[in-house]
S.K.: 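I have a structure I would like to understand better, so I am pasting it below and will then ask my questions one at a time.
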Amino acid sequence: VDLLIESLRHLPENFKLRLVGRFRAEKNVDPGWLQSLTADPLIEKKLELELTDHIQDVAAEIDQCDILVQPASQDVNDSRYATPQKAFGYMARGKPILVADVPCHHELFNDGINGLMFDLSPQALAERAQFLCSQPDLAAKIALGAWQTAELFTYERRAADILSLIEHVST
C-alpha cells in the first residue's frame with residue numbers, strides 16, 4: 001500500500017488514488033506510517049482514503065475507478081505464494097489492471113493481455129499508470145482480456161470443465 005501511495009509523488013495533479021478498506025496495525029511496523037505519508041503535500045491532494053471495517057458495496061467502489069491496481073510486496077510469501085483473490089473481482093468488473101510484476105501474478109496475468117505489469121517501485125507504477133492512460137486502445141484490450149479471464153474461472157465454467165474431463169476419461 002505504501003508503494004501505491006508513494007507513486008502519487010510521481011504522478012500529475014489530475015491522477016487520484018482511491019484506497020478503500022481496513023487499516024490494521026502490523027507487527028514491527030510503525031503505526032504512524034500512513035499518517036506521515038498522507039501529510040506529504042505531493043500526496044494529500046491526490047489521495048482519497050476511505051478507512052472502513054466493512055465495504056458495503058465492493059463492486060460500486062471498483063466501478064468508481066478508471067484503472068485498478070493489483071499490488072504486492074517484495075516479501076517472499078506475498079510475491080511467490082500469495083493468491084491474489086482480489087484479482088478475480090477486479091477482472092470481473094472489466095477494468096484495465098496494473099499488476100505488480102511478481103511470480104504469483106504470472107499465474108493469472110499476461111502482460112499487455114489482461115494486465116499491465118509494473119516493477120515494484122513507486123516510479124515504475126507511476127510510469128505504467130501514465131502509459132496506460134495515454135494508450136486507450138491498450139487499456140480497452142486489457143479490460144476485455146481481464147473480463148475474459150474472469151469468465152474462465154467462474155464456478156459454472158470450472159464445473160463444466162471438470163464434468164467434461166470426467167466424461168472424456170469415462171469414454
Side-chain angles (χ1 to χ4, degrees), residues 1-22 46-50 52 54-74 78-168:
V1 173
D2 56 331
L3 185 142
L4 294 171
I5 296 171
E6 289 175 10
S7 73
L8 293 172
R9 291 184 178 124
H10 306 281
L11 288 166
E13 291 297 318
N14 62 330
F15 278 74
K16 299 271 187 226
L17 174 63
R18 181 171 174 73
L19 289 176
V20 179
R22 273 183 295 158
K46 300 177 197 172
L47 180 63
E48 294 178 16
L49 192 58
E50 176 81 26
T52 179
H54 180 71
I55 302 170
Q56 298 296 323
D57 190 349
V58 174
E61 295 293 340
I62 292 171
D63 287 345
Q64 290 184 46
C65 301
D66 297 318
I67 297 173
L68 306 175
V69 181
Q70 179 68 56
S73 75
Q74 294 179 4
D78 188 41
S79 68
R80 295 191 66 82
Y81 305 111
T83 304
Q85 298 293 328
K86 289 180 184 176
F88 293 107
Y90 288 175
M91 289 178 181
R93 299 315 296 171
K95 300 277 186 165
I97 306 171
L98 290 169
V99 183
D101 190 359
V102 296
C104 68
H105 289 168
H106 290 271
E107 294 178 27
L108 292 176
F109 294 99
N110 294 303
D111 193 30
I113 305 298
N114 62 353
L116 189 63
M117 300 282 180
F118 65 90
D119 292 331
L120 291 182
S121 77
Q123 179 78 29
L125 174 54
E127 288 171 2
R128 295 306 265 177
Q130 290 178 83
F131 173 76
L132 191 58
C133 287
S134 73
Q135 304 292 320
D137 291 342
L138 177 61
K141 175 186 171 186
I142 289 170
L144 177 60
W147 184 83
Q148 290 171 332
T149 301
E151 278 289 296
L152 296 175
F153 289 92
T154 63
Y155 289 116
E156 293 85 5
R157 172 66 188 260
R158 290 174 55 211
D161 288 348
I162 292 168
L163 291 173
S164 174
L165 180 61
I166 291 170
E167 184 176 312
H168 178 74

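Just so we're clear, the structure is a prediction, and the values are computed from it rather than from any experiment.
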S.K.: Could you grab the distance from atom CG of Leu165 to atom CD1 of Ile162, nearest 0.5 Å is fine?
M.R.: 8.0 Å

S.K.: Is the backbone N or O of Val99 less than 3.5 Å from a side-chain atom of His105, with the two atoms forming a donor-acceptor pair by type?
M.R.: no

S.K.: Heavy atoms only: give me the nearest Lys95-Asp63 pair and the separation to one decimal.
M.R.: NZ-O, 3.3 Å

S.K.: Just how far is it from atom NE2 of His168 to atom CG of Leu163, taken to the nearest 0.5 Å?
M.R.: 14.5 Å

S.K.: Please report the closest heavy-atom contact between Pro96 and Leu132, naming both atoms and the distance.
M.R.: CB-CD2, 3.8 Å

S.K.: Where the side chain of Asn114 meets the backbone of Leu108, is there a donor-acceptor pair that is under 3.5 Å apart?
M.R.: yes

S.K.: Return the OH to CD distance between Tyr90 and Gln70, rounded to the nearest 0.5 Å.
M.R.: 6.0 Å

S.K.: Check whether the side chains of His106 and Asp111 place a donor and an acceptor atom closer than 3.5 Å, and report yes or no.
M.R.: no

S.K.: Let me know which of Leu4, Val102, Leu120 forms a side-chain contact (heavy atoms from CB on, under 4.5 Å) with Pro71.
M.R.: Leu4

S.K.: Does Glu167, at its CD atom, have more than 12 non-hydrogen atoms belonging to other residues, nucleotides or ligands within less than 6.0 Å?
M.R.: no

S.K.: Just one of Leu98, Ile142, Leu116 clears the side-chain contact (heavy atoms from CB on, under 4.5 Å) bar with Ile67, so which one?
M.R.: Leu98

S.K.: Quick one: NZ on Lys46 to NE2 on His10, what's the gap to the nearest 0.5 Å?
M.R.: 9.5 Å

